[in-house]
Amino acid sequence: MILLDGKVTAASIREELRGEILAFQLRAGRAPGLAVILVGEDSASHVYVRSKVRACEQTGVLSFVYRLPAGIPQQELLTLIGKLNKRLDVDGILLQLPLPKGIDSQICLAAIDPRKDVDGFHPENMGRLALGLPGFVPCTPAGILELLRRYELSPSGKEAVVIGRSNIVGKPLSLLLARQAPYANATVTVCHSCTRDLAGHCRRADFLFLAMGRPRCITGDMVREGAVVIDVGIHRTEDGLCGDVDFSQVSAKAKAITPVPGGVGPMTIAMLLKNTVQAWKAVEMERMR
Ligand code: GUN
């Protein structure tokens, strides 16, 4: 059984990006910058934002964090996004989700300049992904594909089953897997809360992607012998963090599996940095032309 180590893989990606930043910074005359907006008191979001800021520091990306109260009027948030869109030292803008009640996340995400949309959640970048055009790809799906690439596990021609249809993970991941591209070309099935016979679909999967958000609900009997299992879930339980997968049961049958923590999570953050560097380079190359 291969343990797909996102922690080690993400660290080597950060090291590669650090080299890329050092080299390009000499020509650009400035470091890349990421603005992170966090609204309200969601405790998981605060943890994620701290991890993102730490990863920026380790890589040589400047970070600007805006912690705003839950009761902030939507208009004030839109004004901040408008200012960040104009700032020359900000290459990427990340609006941490979920947003508090009363704020329309789709309106706020659509206000971000698509060239600074390092999360890939703007309708333009989502549309580009659906059309197979270049653009920013959401970080969790991008991180999953990067992990498969680095372990040389190609889903091409295989049965890929994605459990979950969220805009952040399931939907973009299913689009990426079905693309005509290396480490894609899969036959993709998307399952969700209305799926009949979830276990039957899971058992057919050569590549199984879990993003349903329910702790340890995928058991050993639901997984095909030799499957590649990617667990996107992360849940705080009485006995520590766990994923959507019952790890001890499923790891006994899988060919390869991601641990929780230390699997997909660190890859998500590495892709955020990668997208920020991509945004920075695009702006600076345009300026140098
Ligand atoms: N909330 C959970 N995952 C993500 C993510 O990848 N980006 C943002 N902005 N918010 C999230």
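Indexing begins at 1, ligand by ligand and atom by atom, following the structure's order. Computed from a predicted model, the values in this text were never measured in an experiment. These numbers come from the heavy atoms of this one structure, side chains and all, not from hydrogens, waters or symmetry mates.
Listed by first and then second residue, the ring pair (Phe, Tyr, Trp, His ring centres under 6.0 Å) pairs that reach into residues 22-55 are Phe24-Trp280, sequence neighbours excluded. Pairs passing the ring pair (Phe, Tyr, Trp, His ring centres under 6.0 Å) check and including a residue from residues 228-277, sequence neighbours excluded, do not occur.
Nearest non-hydrogen protein atom to atom 11 (C) of ligand 1 is Gln96 NE2, 3.4 Å. The protein heavy atom nearest to atom 8 (C) of ligand 1 is Asp119 OD2, 3.3 Å. Protein heavy atom in closest approach to atom 1 (N) of ligand 1: Leu97 O, 2.9 Å.
The closest approach between a heavy atom of Phe121 and any atom of ligand 1 is below 4.0 Å.
Atoms of ligand 1 lying under 4.0 Å from at least one heavy atom of Leu95, given by number and element, are 8 (C), 9 (N).
The residues Arg216 and Asp239 are annotated as salt-bridged, a charged nitrogen and a carboxylate oxygen being separated by less than 4.0 angstrom. The pair Glu57-Arg18 does not count as a salt bridge, with every side-chain nitrogen at least 4.0 angstrom from each carboxylate oxygen.
One hydrophobic cluster holds both Ile81 and Val36 under the rule that ILVMFWY side chains link at heavy-atom gaps under 4.5 Å.
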